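Down below is the structure, laid out as structure tokens.
What you see is a predicted model, and the numbers here were worked out from it, not measured in a lab. We number each residue from 1, following the sequence as shown.
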Amino acid sequence: MERHGPGTRPRMSNVPPVVNASTTVVVTGASGGVGRAVARAFAARGAKVALLARGATGLAAAAEDVERRGGTALVLPVDVADHRAVEEAAAHAEEELGPIGFWINNAFAGVFAPFTAITPEEFRRVTEVTYLGYVYGTLAALRRMLPRDRGTVVQVGSALAYRGIPLQSAYCGAKHAIQGWNESLRCELLHRGSAVRTTMVQLPAMNTPQFDWVLNRLGRRPRPVPPVYQPEVAARAIVHAALHPRRREYRVGASTVATLLANAVAPGLLDHYLARTGYASQQRSEPAPGDAPANLWEPADGPAGPDFGAHGAFDAEAATRSPQLWLTRHRAPLAAGAAAAAALAVAAARLRADNGRHEL
């Protein structure tokens with residue numbers, strides 16, 4: 001990668017990035033869930049979208065989604081735990097679609113089970129996909145973005161990047177790792193004065209198909225902890241973060257903000273609360289079927305598998321909007337309006353005081 005010395009650092013660009021028909025976007029985990037919704041959202045803006053995932057059925061359907069919404073799709077079957085395959089996919093994306101402007105790290109794997117019921121091999125696999133997959137994707141992106149001094153990498157995170165919960169120890173550990181590593185990377189990019197950006201989007205519980213394909217040893221079928229949001233809410237946040245990457249982090253959903261605040265103020269109390277409620281809140285009432293798919297080692301949407309799409313089984317309860325996200329996206333004009341109102345209030349108070357003195 002090109003490096004800049006202290007006397008040669010470029011000026012950091014204040015020009016916001018745009019998404020149009022000449023934009024190339026890479027989305028990992030694009031065959032289903034949040035990744036599928038993100039691919040659709042970028043396609044609706046006319047972007048060229050490179051779709052990275054393992055599942056053949058889901059990738060083919062995601063490509064149809066992109067083309068149907070006005071974008072250009074490139075299917076790249078890849079396991080993000082293989083750094084050579086990720087690098088080859090990045091090279092192929094640029095050859096076919098042009099310079100990568102946005103790289104969205106989203107792919108993950110998980111196991112629903114108590115820590116002692118997860119094998120070392122399974123724990124390593126979750127870490128390689130969920131954490132190292134982000135590292136490999138970012139390396140591939142930066143090899144191309146840094147010499148051009150432009151581009152944005154979005155790390156799709158979770159409230160669980162700050163607050164671990166029971167039954168998801170491997171996933172929580174990987175998300176915590178992403179948080180710490182991405183902070184280090186951000187500092188390094190700022191040090192070199194690069195115009196390349198990295199930002200992170202912390203998500204709440206999402207209505208995605210993961211709960212029907214994740215490796216599960218709970219006895220009952222897993223579910224997201226309420227409140228649950230539709231993947232389109234996440235997609236809107238991720239596109240916004242890509243277009244406004246100067247902010248280091250975005251938090252989606254009031255539940256995410258509340259969880260992180262509670263963890264900052266009283267983490268010990270939250271430990272006890274989650275110990276009491278975290279098992280039941282992550283399980284449905286019906287028993288887990290013996291033939292349920294598990295995508296840890298092989299994709300559940302392989303050549304003979306179904307297309308799981310973007311949504312999971314919780315449409316009836318999933319929120320389609322996040323007022324907290326709206327406030328986050330409009331924070332600058334709201335802050336300016338509040339400052340103007342405060343200034344007017346101060347001016348009015350001074351005028352009343354002056355009038356009072358004149359009357360005396």
Side-chain angles (χ1 to χ4, degrees), residues 19 25 27-45 47 49 51 53 58 61-62 65-66 69 71 102 104-108 110 152 154-163 165 168 171 175 178-179 199-214 222-245 247-261 281-282 308-334:
V19 178
V25 182
V27 181
T28 73
S31 60
V34 169
R36 184 78 165 263
V38 169
R40 292 170 178 171
F42 276 109
R45 293 171 177 254
V49 187
L51 305 162
D65 286 350
V66 168
R69 285 165 174 77
F102 302 95
I104 314 299
N105 281 314
N106 167 74
F108 74 93
T152 298
V154 179
Q155 321 290 5
V156 178
S158 166
L160 306 188
Y162 288 95
R163 173 66 239 185
I165 63 175
Q168 294 196 58
Y171 178 82
K175 287 298 184 182
I178 294 168
Q179 176 66 28
T199 186
M200 195 163 180
V201 181
Q202 312 294 15
L203 299 181
M206 307 303 302
N207 174 33
T208 66
Q210 65 159 307
F211 302 97
D212 289 321
W213 70 32
V214 70
R223 59 154 294 137
V225 179
V228 182
Y229 294 81
Q230 294 289 24
E232 289 76 17
V233 175
R236 290 194 294 271
I238 291 163
V239 172
H240 180 80
L243 294 174
H244 302 84
R247 184 168 171 182
R248 67 192 305 272
E249 180 176 278
Y250 290 86
R251 297 176 178 180
V252 181
S255 57
T256 298
V257 175
T259 297
L260 301 189
L261 179 61
S281 64
Q282 294 185 82
F308 287 87
H311 288 208
F314 306 94
D315 280 332
E317 65 178 275
T320 60
R321 301 188 183 281
S322 168
Q324 182 274 335
L325 175 59
W326 185 91
L327 291 172
T328 297
R329 292 173 60 182
H330 297 85
R331 186 172 66 170
L334 288 172

Looking only at heavy atoms, which two atoms of [X] and [Y] are closest? And how far apart?
X: Ala205; Y: Pro224; answer: CB-CB, 3.7 Å
X: Tyr162; Y: Gln202; answer: CE1-NE2, 3.5 Å
X: Ser158; Y: Tyr171; answer: CB-OH, 3.9 Å
X: His240; Y: Tyr250; answer: CD2-CE2, 3.6 Å
X: Ala310; Y: Arg40; answer: CB-NH1, 3.6 Å
X: Trp213; Y: Gly32; answer: CH2-CA, 4.4 Å

With rounding to the nearest 0.5 angstrom, report the [atom1] to [atom2] distance, [X] to [Y].
X: Glu249; Y: Gln179; atom1: CD; atom2: CD; value: 5.0 Å
X: Leu160; Y: Thr256; atom1: CG; atom2: OG1; value: 8.5 Å
X: Phe108; Y: Thr28; atom1: CZ; atom2: OG1; value: 10.5 Å
X: Ile165; Y: Gln282; atom1: CD1; atom2: CD; value: 4.0 Å
X: Arg251; Y: Met200; atom1: CZ; atom2: CE; value: 10.5 Å
X: Thr259; Y: Arg163; atom1: OG1; atom2: CZ; value: 9.5 Å

Can a donor-acceptor pair be found, under 3.5 Å and without considering hydrogens, that links the side chain of [X] to the backbone of [Y]?
X: Arg36; Y: Ala30; answer: no
X: Thr199; Y: Val154; answer: no
X: Asn207; Y: Phe314; answer: yes

Taking the side chain as C-beta and beyond, is there a heavy-atom pair between [X] and [Y] under 4.5 Å?
X: Glu317; Y: Arg223; result: yes
X: Ile238; Y: Ile104; result: yes
X: Arg45; Y: Leu243; result: yes
X: His311; Y: Glu232; result: yes

